[in-house]
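Worksheet: one structure, shown below.
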Amino acid sequence: MTETEPATHISLPGLIRLQADARALKLPAARPVRSRQTGLQRSPRRGRGMAFAEVRQYQPGDDIRSIDWRVTARRQSPHTKLYEEERERPVLLLCDLGPSLFFASTGAYKQVRCAQLAGILAWLALWSGDQVGGIVFNGRELTVLRPARRKKSVLQFLDTVAAQQRVSRGEENHSSSAGSAADLDTALQEARRVAHTGSRIFVVSDFLNITGETSRLLGSLARHNSVSALRVIDPLELKLPDSGRFAIAGEDGPVWFDSSNPRFQRAYAEKVRQHTEALAECFRMAGVQPASVMTSDQPALILQTLLGPRGHIG
């Protein structure tokens, strides 16, 4: 995919090829953590627990509460249970492909960056042994894919992402479910219904259309799950060029503006400031960790920074 011109779409084969980017993040294989006694520190993994691993002969220092009395009675010597930390968990990816993401002034369209971020995270989750599911929405339709630990589930998710990307008005498929509620708040409501306690949830969106309900819905998810918000931004959304006449594609055709107009510049800057503050407050109230990705960024490099050198999404 060339980056010399804004890339408007990414195909299913392109999303499948993201396996190479995901492998470059060097995700470590999940290893069981053996424990003889419970610790005093609360686990950072919400809703996770300890799964039974095996029974072995009691050793000094073992927690007496872990003694298996049935095996002890049968073998006539103390035996204790060993546990391992549960590693498999559902990973739910909310991928926004709505109208505001069909845009870029540099790099690739925001919907392409959202698709790439979701795709890399899906492959990482699969290879870490986690269940992978997703909610894909584009303003016209919304598809829910429940988490499962199969490569087929990841491919189904990626196929849905590729199919639900927006196209130009001349290419619109008029058989789509136009007019259906498929916005961010609706997707968050579906996530509350689908997500199991302890899920790892990534919301990938430009968050341009937040409402008074968005923070409450995010907060409700974050109470029992680990939630991250990946915000995809185009540089033009943060600051206008100092001068020049420009056109932006809109639902009803191009919209022209003159960035050398001081009044327009001030109004635009104020709008950006208000939205930035509202979004920061939304994330703060919800207790959600946000991160930003520019359309000019390469998603794999950004995720390497966000996830750390070992590429661990937990």
Side-chain angles (χ1 to χ4, degrees), residues 8-10 92-104 109-119 121 133-146 157-158 160-169 172-195 199 201-223 225 227-234 237 248-252 255 271-272 274-288 290-293 295:
T8 61
H9 301 84
I10 185 169
L92 192 64
L93 305 167
L94 277 64
C95 186
D96 187 354
L97 301 172
S100 63
L101 289 114
F102 191 62
F103 165 76
Y109 272 34
K110 290 192 291 181
Q111 71 170 5
V112 173
R113 294 304 187 218
C114 280
Q116 291 171 325
L117 289 165
L121 288 169
I135 299 175
V136 185
F137 55 104
N138 65 5
R140 298 167 300 184
E141 55 187 319
L142 181 148
T143 303
V144 177
L145 303 163
R146 292 183 176 275
F157 171 72
L158 298 181
T160 302
V161 169
Q164 288 199 19
Q165 291 174 88
R166 299 187 72 83
V167 297
S168 63
R169 291 179 65 85
E172 285 280 6
N173 179 2
H174 295 289
S175 64
S176 65
S177 54
S180 61
D183 57 10
L184 176 60
D185 284 357
T186 306
L188 292 172
Q189 290 171 357
E190 287 295 316
R192 289 178 58 193
R193 183 177 62 85
V194 173
S199 295
I201 301 174
F202 293 89
V203 185
V204 190
S205 173
D206 60 2
F207 295 96
L208 279 182
N209 300 307
I210 61 172
T211 70
E213 282 291 287
T214 306
S215 180
R216 183 185 65 81
L217 292 169
L218 279 170
S220 179
L221 277 176
R223 272 195 293 273
N225 306 280
V227 181
S228 294
L230 300 182
R231 182 190 178 194
V232 178
I233 316 171
D234 185 86
E237 294 172 334
I248 297 178
E251 288 288 318
D252 300 316
V255 177
K271 190 77 171 178
V272 170
Q274 291 177 359
H275 180 71
T276 300
E277 291 181 357
L279 193 55
E281 180 67 7
C282 171
F283 292 147
R284 187 187 69 81
M285 293 293 293
V288 169
S292 296
V293 180
T295 54

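Just so you know, residue 1 is the first one in the sequence shown, and it goes up from there.
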Quick check against the 3.5 Å criterion: does [X] have a side-chain atom that pairs as donor or acceptor with the backbone of [Y]?
X      : Y      : result
Lys110 : Asp234 : no
Gln111 : His9   : no
Glu281 : Ala278 : no
Glu141 : Gln164 : no

Below 4.5 Å, heavy atoms only, C-beta onward: do [X] and [Y] meet side chain to side chain?
X      : Y      : value
Leu94  : Ser205 : no
Leu188 : Val203 : yes
Arg216 : Met285 : no
Leu142 : Val144 : yes
Asn209 : Leu184 : no
Arg166 : Leu101 : no
Phe137 : Asp96  : yes
His275 : Ile210 : yes

What are the two closest heavy atoms between [X] and [Y], and how far apart are they?
X      : Y      : result
Ala191 : Ile135 : N-CD1, 3.5 Å
Cys95  : Cys114 : SG-O, 3.9 Å
Arg193 : Arg146 : NH1-NH2, 3.1 Å
Phe102 : Val167 : CZ-C, 3.8 Å
Val136 : Phe157 : CG2-CE1, 3.7 Å
Ala195 : Leu221 : CB-CD2, 4.5 Å

Are Glu237 and Arg231 within salt-bridge range, i.e. N to O under 4.0 Å?
-> no

With a 3.5 Å cut-off and no angle check, do the side chains of Gln116 and Arg113 form a donor-acceptor pair?
->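 Their side chains do contain a donor-acceptor pair, which is all the 3.5 Å distance test asks for.
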
Distance, nearest 0.5 Å, that separates [atom1] of [X] from [atom2] of [Y]:
X      : Y      : atom1 : atom2 : answer
Thr160 : Asn138 : OG1   : CG    : 11.0 Å
Glu213 : Leu218 : CD    : CG    : 11.0 Å
Thr276 : Ile233 : OG1   : CD1   : 7.5 Å
Arg223 : Arg192 : CZ    : CZ    : 7.5 Å
Asn225 : Ile201 : CG    : CD1   : 4.0 Å
Leu92  : Leu121 : CG    : CG    : 12.0 Å

